[in-house]
Amino acid sequence: MLLDWYDAHARDLPWRAAPSTTPPDPYRVWLSEVMLQQTTVAAVKPYFAKFTERWPTVQALAAAPEEEVMAAWAGLGYYSRARNVVKCAAEVAALGAFPDTEADLRKLPGLGDYTAAAVAAIAFGRRAVVVDANVERVVARLFAIEDSLPGARKTIRVKADSITPDTRAGDFAQGLMDLGSGICTSRDAKCLLCPLQKVCKGRASGDPLRLPVKAPKKAKPSRTGTAFWIERDDAVWLVKRPGKGMLGGMRSLPDDGWSARGDGNKDAPLSGAWKAAGVVRHSFTHFDLELGVAVHAEHRPAPGGEGEWWPTGSIEEAGLPTLFAKAARLVLAARD
DNA sequence: CATCCGTGGTC
DNA sequence: TGACCAAGGAT
């Protein structure tokens, strides 16, 4: 019933092998699934195109310098994914190919329960129970599961298992996800268009939108910090952030140590006069940040420590995460 | 199990 | 306009 609907209504997405005659490329399936973690299809499309054009195979990606992969990922968010993509590609290249079972895929960096199941089912035709946020919502409504998330996950998984077919589990999973994306969404339930309308207990209850029940969210703290723009000979001083934590491993402007835990200390990385260029507001998942941007006003600054001079004219290619890209735009826009 | 980790779109 | 949310994973 769901598979028939999927055959008729499947979205045409770049990472889906067009006809069922050609087996999907595990590399493309894996890469798309990682990019799609907590990220919308629309946001992923240009990145998927860029990555697969530049690195058409997992071997090509494994051979790429980590710095280039991180820069190519800039703007997509959740940068631990990019670090794990690099590690995973190296492991797979060493193995010669992707593992073809859910259990072995699960051992790779960056592949959790969801992604291992999705790749096993979609790329290798394995029967696997694929549960993402879409499936959680559809299943919670389909079976009218009243327990709240995240506690309800066990029940949801058991129910998802009970309806997963032995064949075409990958299409089944993608069908559920397409359903959750376009028909059975968090804000709406277009039950009259749904292939499961006759068997859905959530619909029968009269109010499917209340499901799944979710725990209340915590308030977001607000933080302040400062980023520093140091320029010399038409080049700006960039640093590389530590491998873990916020924006880990990404190229960035120097800053004053702001974090989710607290404000920055306002200490500049260099002595001399500074001029305020303005403020950038940026909202992260778990806190809001007001980032002041300070421009060094001395003639030929000489910052110490690790870093590199990046040509100001090609700052867009530096692979700055969005927060610092905004800061750079703020400084450069003031010159027009 | 709770917390940390980005970003852009949507209403 | 601000709150909510999206094909989660690691710790």
Side-chain angles (χ1 to χ4, degrees), chain A residues 10-11 13-16 28-48 70 73-85 87-88 105-119 121-123 128-138 148-154 160 170 172-182 185-188 209 212 214-223 241-250 252 259-261 280-289 319-326:
Chain A
R11 284 179 290 177
L13 299 173
W15 42 87
R16 286 182 177 169
R28 295 167 64 87
V29 174
W30 160 73
L31 184 63
S32 66
E33 289 299 340
V34 173
M35 287 183 167
L36 286 162
Q37 290 166 4
Q38 293 289 287
T39 308
T40 58
V41 165
V44 165
K45 278 182 177 175
Y47 285 85
F48 181 79
M70 299 300 291
W73 198 279
L76 197 56
Y78 285 141
Y79 299 102
S80 66
R81 294 184 295 174
R83 286 177 260 137
N84 283 330
V85 155
K87 286 186 205 164
C88 184
L105 286 162
R106 183 67 178 78
K107 297 173 187 168
L108 295 170
L111 280 79
D113 290 340
Y114 163 75
T115 307
V119 175
I122 297 170
V129 182
V130 182
V131 182
D132 74 324
N134 286 307
V135 176
E136 280 181 356
R137 183 172 54 256
V138 170
S148 66
L149 291 172
R153 295 230 161 92
K154 271 184 199 136
F172 183 80
Q174 293 180 92
L176 279 184
M177 292 191 278
D178 280 11
L179 202 57
S181 169
T185 70
S186 58
R187 285 190 167 86
D188 194 12
L209 288 184
K214 293 187 179 179
K217 306 203 167 176
K218 295 181 176 177
K220 266 191 197 183
S222 293
R223 304 297 183 202
R241 298 176 66 82
K244 293 185 177 179
M246 286 291 304
L247 312 176
M250 299 300 287
S252 296
S259 74
R261 305 277 177 77
V280 166
R281 293 175 209 289
H282 194 75
S283 187
F284 293 101
T285 304
H286 49 306
F287 68 103
D288 295 321
L289 179 66
L320 297 178
T322 299
L323 169 69
F324 292 107
K326 284 184 187 174

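Lettering follows sequence order; numbering is per chain, from 1.
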J.: Roughly how many Å apart are C:dA7 and B:dC4, using the P atom of each and rounding to a whole number?
T.: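 It works out to 24 Å between them.
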J.: Please check if the side chain of A:Y47 supplies one atom and the backbone of A:A74 the other of a donor-acceptor pair under 3.5 Å.
T.: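 Yes, A:Y47 side chain to A:A74 backbone: donor-acceptor pair under 3.5 Å.
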J.: Looking at A:H282, does any N or O in its side chain come under 4.0 Å of the phosphate oxygens OP1/OP2 on B:dT7?
T.: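 Affirmative; the distance criterion is met.
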J.: Could you work out the separation of B:dG8 and C:dG9 based on their P atoms and round it to a whole Å?
T.: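 Pairwise P distance, B:dG8 against C:dG9, rounds to 22 Å.
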J.: For A:Y114, does its backbone N or O pair with a side-chain atom of A:D132 as donor and acceptor, under 3.5 Å?
T.: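 Answer holds: no.
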J.: Check the distance between B:dC4's C1' and A:R241's CZ and give it to me in whole angstrom.
T.: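 Whole-Å distance recorded here is 14 Å.
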J.: Taking protein heavy atoms under 4.0 Å as touching, what does nucleotides 4-11 of chain C look like 5' to 3' if B marks base contact, S marks sugar-phosphate-only contact and - marks none?
T.: BSBBBSS-
J.: What's the verdict on ring pair (Phe, Tyr, Trp, His ring centres under 6.0 Å) for A:F284 and A:H286, showing C-alpha distance, side-chain angles and the deciding distance?
T.: CA-CA 6 Å; A:F284 293 101; A:H286 49 306; 7.3 Å; no
J.: Would you please test A:R81 and A:N84 for side-chain hydrogen bond (donor to acceptor under 3.5 Å, both in side chains) and show each step?
T.: CA-CA 5 Å; A:R81 294 184 295 174; A:N84 283 330; over 6 Å; no
J.: Indicate, with a heavy-atom threshold strictly under 4.0 Å, whether A:G151 touches base, sugar-phosphate, or nothing.
T.: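 It contacts nothing in the nucleic acid.
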J.: Taking side-chain contact (heavy atoms from CB on, under 4.5 Å) as the criterion, tell me which of A:R28, A:R16, A:E33 meets it with A:I122.
T.: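 The option that passes is A:E33.
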J.: With sugar-phosphate meaning primed atoms plus P, OP1 and OP2, does A:L247 contact a base, only sugar-phosphate, or nothing at under 4.0 Å between heavy atoms?
T.: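 Sugar-phosphate only.
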J.: Take atom CH2 of A:W73 and atom P of B:dT7, then tell me their distance rounded to the nearest Å.
T.: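 Going from A:W73 (CH2) to B:dT7 (P), I get 13 Å.
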J.: DNA chain B: A:P321 or A:P150, which has the more 5' nearest nucleotide?
T.: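 Its nearest nucleotide being more 5', the pick is A:P150.
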J.: Between B:dC4 and A:H286, is there an OP1 or OP2 to side-chain N/O distance shorter than 4.0 Å?
T.: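 No, because none of the side-chain N or O atoms of A:H286 sits under 4.0 Å from OP1 or OP2 of B:dC4.
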J.: I'd like to know if the side chain of A:R241 reaches the main chain of A:M250, judged simply by a donor and an acceptor atom lying under 3.5 Å from each other, with no hydrogens or angles considered.
T.: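 Not at all, since once roles are kept as given, no pair shorter than 3.5 Å links the two residues.
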J.: What integer distance in Å separates A:L323:CG from B:dC5:P?
T.: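 After rounding, the gap between these two atoms is 13 Å.
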J.: By the 4.0 Å heavy-atom rule, please label A:A260 as base, sugar-phosphate, or nothing.
T.: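 Sugar-phosphate contact only - A:A260 comes under 4.0 Å of backbone atoms but never of a base.
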J.: Mind calculating the distance between CZ (A:F287) and P (B:dC5) to the nearest angstrom?
T.: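 It is 7 Å, rounded to the nearest whole Å.
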J.: Has A:T39 got a side-chain atom pairing as donor or acceptor with A:Q37's backbone, closer than 3.5 angstrom?
T.: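 Judged by distance alone, yes, a pair lies under 3.5 Å.
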